[in-house]
Amino acid sequence: MSKIYDPATIEPKWQAIWEKEGAFEASRDHSRPKYYCLIEFPYPSGQGLHVGHPRSNTAMDIIARKRRMEGHNVLYPIGWDAFGLPTENYAIANKVAPAKVTEENINNFRNQLKRLGFSFDYTREVDTTDPNYYKWTQWIFLQLYKHGLAYKHEMPINWCPSCKIGLANEEVVGGNCERCETPVIHRVKEQWMLRITKYAQRLLDGLDTVDFIEQVKLQQRNWIGRSEGAEIRFHLADTDDSLLVYTTRPDTIFGATYMVVAPEHPLVEKYAARISNLPEIHDYIHQAKQKSDFERSEMAKEKTGIEIQGVKAINPATGKEIPLWISDYVLMSYGSGAIMAVPAHDTRDHEFARGFNLPIVEVIQGGENVQEEAYTDTEVGELINSGFLNGLSVQDAIVKITKWLEENKLGHHKVNYKLRDWVFSRQRYWGEPIPLIHCPRCGVVPLEVEDLPLMLPEVEHYEPTDSGESPLAAIDSWVNVPCPKCGEPAQRETDTMPQWAGSSWYFMRYCDPHNDQALGDKKELDYWLPVDWYNGGMEHTTLHLLYSRFWHLFLHDIGVTSASEPYQKRTSHGMILGENGEKMSKSRGNVVNPDDIVDEIGADAFRLYEMFMGAFDQAIPWSTSGARGCRRFLDRVWRLQDMLDKENTAIRPEMLHLVHSTIKKVSDDYEAMKYNTAIAAMMSMVNELTESAKVTADEFKALLLILSPVAPHICEEIWQIQGYGEPLYLQPWPNYDEKHLVKAESEIAIQINGRIRARMLVPTDMTQEEATQVLPGTDEVKNLIEGKEIIKLIFVPGRLLNIVVR
RNA sequence: GCGGACGUGGCGGAAUGGCAGACGCGCCAGACUUAGGAUCUGGUACUUAACAGUGUAAGAGUUCAAGUCUCUUCGUCCGCACCA
């Protein structure tokens with residue numbers, strides 16, 4: 001009789017052994033095939049681990065453990081994305097240094113993770129707030145700066161009045177701050193920007209070379225938002241000047257009956273002297289600026305605008321004078337901030353034209369009545385009222401008009417992207433200082449590599465300021481430094497980097513985490529990169545995942561690494577919801593603490609349940625009783641020890657099919673992240689083994705091997721108790737034999753006209769010929785078809801026989 | 001509005017076009033127990049006394065055969081949202 005299954009003693013025991021043996025440390029031996037598994041490194045919050053973290057961690061732990069057993073040199077690292085607002089806010093509220101809070105939180109997180117037995121290589125831990133780490137974050141920024149990809153720009157930015165911080169476009173969700181949901185307002189500020197738009201096309205093209213789930217590719221493509229069209233010059237009447245517009249529908253140019261510019265467009269100020277209704281226009285511009293993004297889209301139903309009187313444009317196709325309007329439905333940040341309006345074939349222009357009684361001219365035939373509704377289809381209909389374009393299809397018209405515009409130097413083919421440059425400055429304390437100095441004489445002077453890291457100074461007050469200045473600006477002794485070039489008094493840049501900076505390259509640092517000469521040795525980077533498999537949340541698709549692809553592509557361009565794309569494969573896990581089906585949150589009171597679950601049922605059962613609860617990529621409500629069911633399963637596995645056959649060790653012939661097909665099913669399902677069905681198959685296997693009175697050692701070993709990636713502690717313990725040799729983590733992954741995958745006999749369904757009437761046992765390898773000749777004559781089938789004429793016989797080997805009769 | 005995913009028992013969910021509901025939770029009954037929130041055994045879609053029939057959001061279609069493919073409608077979730 002074996003002792004009782006007690007996870008509270010065996011789990012810490014094996015965790016200590018793994019650690020002492022360095023069981024999961026990646027090797028520097030580059031002769032072995034490598035495999036790099038990655039999870040998103042956690043933000044070490046004060047709340048500690050929640051049940052969402054282990055879902056991703058366990059999934060990739062299964063892959064990492066399986067790959068080691070398959071003979072790979074595996075890198076499965078962990079680290080801490082530790083800069084950021086919650087820590088800073090906590091530090092302010094509790095009057096402690098953010099660095100101290102961070103250290104405590106990291107220690108807590110590490111302990112929690114270790115309890116769950118993940119096979120991380122803790123010798124390669126990284127911490128984004130460690131000066132030895134952020135030295136290289138700053139170095140990368142300087143490289144970006146030197147290559148013209150970082151620039152300072154005064155612009156209206158998204159400002160969260162609650163966090164008192166500028167936000168990147170990617171951090172604004174539905175017009176609100178991603179973090180605190182406060183409506184974002186516009187504020188004109190000088191900001192450091194990164195020219196991610198320069199990489200738009202390559203970020204798009206790279207998606208075709210990687211194995212990301214389609215949803216991620218699609219969202220990134222939409223975010224980059226490539227469109228093709230033409231840039232066209234409209235002359236302004238009685239001037240030598242012109243107004244540039246971008247359109248994806250140059251074919252509709254004959255229908256452009258007016259133009260619209262964005263409220264921020266410089267045209268108004270330029271022609272202020274000629275404009276007869278200037279006060280009204282200024283009034284309109286002022287009102288538009290007052291609106292937040294959210295209000296601007298809220299009001300989208302009723303379009304507003306005002307005509308610019310005194311300035312007219314000339315449609316280059318018709319030669320006619322057309323009026324110029326100003327409206328906030330045109331955005332300064334896209335295209336040229338001005339459009340040619342074709343109300344007959346654009347819903348927005350149509351709405352605007354109807355509101356202000358502007359002419360609607362049909363140029364594509366096919367709509368019902370363009371006075372009532374815009375006709376936007378590009379597949380059906382030919383050009384009318386369009387001079388030399390008449391009779392052409394939309395596609396042909398686009399080609400012809402573009403050529404005509406180019407020949408007459410009125411415009412040209414143009415590709416546009418929705419993607420905007422990345423707002424990279426933050427006005428908060430707890431981030432990487434931007435390593436630049438502003439000198440009145442020399443301008444912006446970057447620090448030398450030898451002067452990195454530029455340490456974040458220790459200060460008394462971390463509070464953000466209402467003025468929008470970084471708290472660093474208040475530290476005179478830190479800000480005021482001599483210019484490194486000319487020695488004259490100069491000032492440091494006081495903005496810090498966003499949290500996304502450190503996370504944009506952490507997966508590179510894991511390859512060579514202790515290197516103090518470079519962010520990583522090229523040989524190490526080239527060996528390990530790209531990451532073979534990266535699992536993380538969908539919420540990062542257009543943030544971290546896009547940013548880090550951009551940085552990696554840039555670092556590839558300057559020769560730091562050979563791979564161009566950082567991640568070969570990207571998958572995503574679904575969220576774990578509270579028991580009530582709602583998102584887990586403190587305010588809803590439905591948060592499940594992993595520690596409590598581990599205390600009750602052990603880490604193995606907890607891991608097992610996280611993988612078993614449902615399809616990995618779906619959101620699933622937590623169920624503590626479901627988790628207990630997984631513990632019961634492990635209890636049954638443990639008790640199999642009492643059933644071991646003392647005489648025979650080999651797999652019994654009648655169990656060959658079960659054992660081999662389960663090995664195959666589980667192996668395949670792990671790779672496809674179908675963990676729930678893999679575990680179901682192992683449960684079935686245990687159920688079947690339990691039904692026979694005895695279990696042989698080889699049957700049991702096979703089960704322990706395939707179960708070990710999910711529930712490693714219990715499997716190691718049993719393996720040791722039974723004296724099966726070297727620890728499990730050193731064992732090879734089991735193979736299956738094709739010839740045992742097929743049972744000798746299988747029960748097939750007998751259908752008459754598609755309805756099941758009987759079942760019978762036949763040899764699995766029975767062929768179509770044998771079946772159609774033999775089966776209709778058997779007793780079971782004969783009386784079912786008595787007196788009827790067989791029209792057709794359909795036989796699916798091992799499955800069914802369908803007899804179509806009349 | 002545009003784009004995407006999805007809709008199966010009381011619940012989480014299984015099903016290369018081929019026996020719908022695997023596996024688990026919950027529930028019911030029984031066994032063993034001083035006891036059970038432990039363990040074991042059996043049962044558990046619906047209608048029906050039964051034979052049998054009906055069932056995968058609703059409706060139509062393709063097929064020998066549809067949860068799976070096609071079309072329409074309804075509903076849920078996610079992403080983007082005046083991007084010209």
Side-chain angles (χ1 to χ4, degrees), chain A residues 173-175 214-216 218-223 225-227 229-230 245-250 252 256 259-260 262 293 296-297 299-301 303 327-331 333-342 345-349 351-352 376 416-420 538-539 541-542 574-575 577 579 581 608-609 612-615 617-630 632-633 635-636 639 674 676-687 690 746-759 791-805:
Chain A
V173 177
E214 275 310 308
Q215 182 68 2
V216 167
L218 195 72
Q219 271 187 38
Q220 288 207 350
R221 285 195 186 107
N222 289 343
W223 190 260
R226 183 185 201 272
S227 74
V245 302
Y246 172 73
T247 177
T248 53
R249 295 292 305 278
T252 61
M259 302 186 80
V260 189
D293 272 0
R296 246 165 112 152
S297 58
M299 314 238 173
K301 282 147 206 155
K303 290 204 180 357
S327 170
D328 64 4
Y329 86 89
V330 173
L331 308 174
S333 50
Y334 184 77
S336 59
I339 62 158
M340 65 174 210
V342 185
H345 305 288
D346 181 284
T347 46
R348 296 150 304 179
D349 297 344
E351 208 181 309
F352 192 80
T376 56
N416 239 318
Y417 301 92
K418 288 189 203 170
L419 187 71
R420 323 254 173 95
M538 282 305 294
E539 69 274 19
T541 301
T542 53
M575 209 189 312
L577 309 170
E579 298 225 37
L608 194 72
Y609 177 62
F612 179 65
M613 60 196 301
D617 57 354
Q618 303 289 307
I620 304 285
W622 175 268
S623 158
T624 298
S625 50
R628 290 194 189 106
C630 287
R632 280 198 280 274
F633 166 67
D635 285 330
R636 281 200 291 278
R639 284 197 303 269
K674 289 159 82 176
N676 53 337
T677 49
I679 292 164
M682 291 186 281
M683 287 173 167
S684 294
M685 179 174 172
V686 170
N687 290 347
T690 310
S746 36
E747 192 186 59
I748 64 163
I750 306 296
Q751 297 185 339
I752 306 295
N753 291 345
R755 286 173 180 273
I756 293 151
R757 296 296 170 188
R759 295 167 215 283
I791 297 170
K792 203 171 177 184
L793 284 163
I794 291 127
F795 179 69
V796 182
R799 294 257 182 201
L800 60 77
L801 175 73
N802 188 11
I803 305 166
V804 186
V805 296

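Bear in mind that the values here come from a model prediction, so they are computed numbers and not experimental data. Sequence lines set the chain letters: A, B, ... in the order given, protein chains first and strands last, and positions in each chain run from 1.
Heavy atoms of A:R636 sit under 4.0 angstrom from primed sugar atoms or phosphate atoms, though from no base atom. Heavy atoms of A:I339 sit under 4.0 angstrom from at least one base atom. As judged by a 4.0 angstrom heavy-atom cut-off over every strand, A:N687 is placed among residues touching the sugar-phosphate backbone only. Counting any heavy atom pair closer than 4.0 Å across all strands shown, A:R221 reaches no nucleic acid atom. Across all strands, A:E214 comes closer than 4.0 Å to no nucleic acid atom at all (heavy-atom distances). Counting non-hydrogen atoms under 4.0 angstrom, A:T542 reaches nothing in the nucleic acid. Using a 4.0 Å heavy-atom distance criterion, A:I794 is classed as a base contact. In this structure, A:G225 reaches neither bases nor backbone, as no heavy-atom distance under 4.0 Å exists between it and the strands shown.
Comparing A:I679 and A:L419 against RNA chain B, the residue whose closest nucleotide sits nearer the 5' end is A:I679.
The aromatic rings of A:Y609 and A:W622 sit perpendicular to each other, their planes meeting at more than 60°, with 30° as the lower class boundary.
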Quiz item: Going 5' to 3' along nucleotides 6-15 of chain B, which nucleotides have protein heavy atoms under 4.0 Å from the base (write B), which only from the sugar-phosphate (write S), and which from neither (write -)?
Solution: ------BSSS

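Side-chain atoms of A:K303 come within donor-acceptor range of the base of B:rC82, with a qualifying N/O pair under 3.5 Å.
For the pair A:M340 and A:R249, the tightest heavy-atom approach, listed with the atom from each and the gap, is CE-O, 3.7 Å.
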